[in-house]
Amino acid sequence: ERAVLPSSAETFHANLAGRRALLAEDNDLNREIAVELLGMTGMEVDCAYNGKEALDRFQANGDAYDLILMDVQMPVMDGYQATEAIRRCGHPRARTIPIIAMTADAFHEDVVKARAAGMNGHLPKPIDMERLFQTIEDALSAADSSHST
């Protein structure tokens with residue numbers, strides 16, 4: 001009887017389809033949720049389990065990613081350290097790829113710290129789906145418009 005409607009994520013965020021994100025998240029459940037949410041938009045997601053792994057993946061394959069979602073509290077290398085290392089690493093896209101912090105710390109000083117580390121945006125946890133998509137879209141459109149000069 002009922003026609004199957006696409007999820008609102010697919011409808012409203014069609015411009016995210018085919019985009020690739022590098023997700024740095026050490027918590028299994030948070031990682032699964034983020035991959036699921038991003039997958040609803042048609043995005044492809046590669047996962048890193050700590051900041052060092054995110055840095056290594058970016059250095060090896062940075063051109064493959066449209067943006068990085070960076071958990072802040074991770075073992076080995078935290079999100080701030082990883083972001084600073086990515087920004088300094090010498091890859092052609094190191095300074096321009098959007099990096100969005102994901103953190104349970106949503107105080108003003110945390111947002112400031114994320115910016116100071118070179119992050120382009122900040123998502124408080126638990127992640128709000130619409131805010132996630134909107135933040136990604138904003139970061140991508142800012143990055144896209146800076147390329148087109």
Side-chain angles (χ1 to χ4, degrees), residues 9-10 12-149:
E10 281 174 66
F12 296 125
H13 304 284
N15 53 336
L16 295 181
R19 297 289 204 143
R20 288 196 63 188
L22 175 58
L23 170 68
E25 169 63 79
D26 64 310
N27 178 289
D28 292 342
L29 182 61
N30 290 345
R31 198 171 48 248
E32 281 172 36
I33 291 169
V35 167
E36 186 69 31
L37 291 175
L38 296 168
M40 287 165 48
T41 67
M43 285 185 79
E44 295 174 40
V45 187
D46 263 4
C47 295
Y49 300 89
N50 60 58
K52 174 81 171 83
E53 194 179 325
L55 171 64
D56 293 345
R57 281 174 179 259
F58 177 77
Q59 285 180 302
N61 203 14
D63 290 331
Y65 303 116
D66 293 298
L67 84 155
I68 301 171
L69 293 167
M70 185 75 75
D71 182 34
V72 169
Q73 292 166 325
M74 290 182 291
V76 188
M77 182 186 272
D78 72 26
Y80 299 124
Q81 294 166 323
T83 298
E84 288 168 355
I86 287 169
R87 293 297 187 214
R88 286 194 312 263
C89 77
H91 186 283
R93 299 195 51 226
R95 296 188 179 284
T96 56
I97 190 165
I99 302 177
I100 298 169
M102 297 188 306
T103 173
D105 306 322
F107 297 107
H108 176 70
E109 57 266 28
D110 300 301
V111 178
V112 170
K113 192 173 173 186
R115 291 256 180 238
M119 293 174 164
N120 304 85
H122 185 276
L123 282 167
K125 288 180 178 179
I127 299 295
D128 171 86
M129 183 169 76
E130 276 309 310
R131 189 163 174 185
L132 170 70
F133 299 150
Q134 194 56 58
T135 301
I136 291 173
E137 285 180 352
D138 293 347
L140 289 175
S141 66
D144 291 345
S145 63
S146 69
H147 285 299
S148 60
T149 48

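Treat the numbers as computed from the prediction; the structure is a model and nothing was measured. Worth knowing before you read on, the calculation uses all heavy atoms, side chains too, and leaves out hydrogens, waters and symmetry mates.
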Heavy atoms from other residues, nucleotides or ligands near CD of Gln59 exceed 12 (cutoff 6.0 Å): yes

Shortest non-hydrogen contact from Ala101 to Met119? CB-SD, 3.2 Å

Asp110 side chain vs Phe107 backbone, donor-acceptor pair below 3.5 Å: yes

Tyr65 and Asp46: which non-hydrogen atoms are nearest, and at how many Å? OH-OD2, 2.7 Å

Would you indicate whether the side-chain heavy atoms of Arg87 and Ile97 approach each other to under 4.5 Å? yes

Look up atom OG1 in Thr103 and atom CD in Gln73, then write down how far apart they are to the nearest 0.5 Å. 5.0 Å

Glu137 and Leu140: CA distance, side-chain angles, deciding distance, side chain to side chain contact (heavy atoms under 4.5 Å, CB included) verdict: CA-CA 5 Å; Glu137 285 180 352; Leu140 289 175; 5.9 Å; no

Side-chain touch Leu69/Leu38, heavy atoms, less than 4.5 angstrom: yes

Working to the nearest 0.5 Å, report the span between NE2 of His91 and CG of Asn61. 7.5 Å

Using the side chain to side chain contact (heavy atoms under 4.5 Å, CB included) rule, take Asn30 and Ile127 through it: C-alpha gap first, then chi angles, then the decisive distance, then the call. CA-CA 9 Å; Asn30 290 345; Ile127 299 295; over 6 Å; no

Rounded to the nearest 0.5 Å, the CG atom of Asp28 sits from the OH atom of Tyr49 at a distance of 7.5 Å

Main chain of Pro124, side chain of Arg131: is a donor-acceptor contact present, judged purely on distance under 3.5 Å? no

Can you tell whether the side chains of Lys113 and Glu109 come within less than 4.0 Å, N to carboxylate O? no

Reported CZ-to-OG1 distance for the pair Arg19 and Thr41, which is rounded to 0.5 angstrom: 10.5 Å

Say whether, by atom type as modelled, one donor and one acceptor occur between the side chain of Glu32 and the main chain of Leu29 under 3.5 angstrom. no

Ion pair Lys125/Asp71, N-O distance below 4.0 Å: yes

Atom CD in Gln134, atom CG in Leu123: separation rounded to 0.5 Å? 11.0 Å

Looking only at heavy atoms, what is the nearest atom pair of Met70 and Ala82, with distance? CE-CB, 3.7 Å

Would you name the heavy atoms of Pro98 and Ala143 that are closest together and state the gap between them? CG-CB, 3.7 Å

Quick check: do Ile68 and Ile86 have side-chain heavy atoms less than 4.5 Å from each other? yes

Could you walk me through whether Arg93 and Thr96 pass the side chain to side chain contact (heavy atoms under 4.5 Å, CB included) check? CA-CA 5 Å; Arg93 299 195 51 226; Thr96 56; 4.1 Å; yes

How close do Leu23 and Ala34 get, counting heavy atoms only, and between which atoms? CD2-CB, 3.7 Å

Atom of Tyr80, atom of Val72 and distance for their closest heavy-atom approach: CE1-CG1, 3.2 Å

Which value, rounded to the nearest 0.5 Å, describes the distance between Arg115 atom CZ and Asn120 atom CG? 7.0 Å

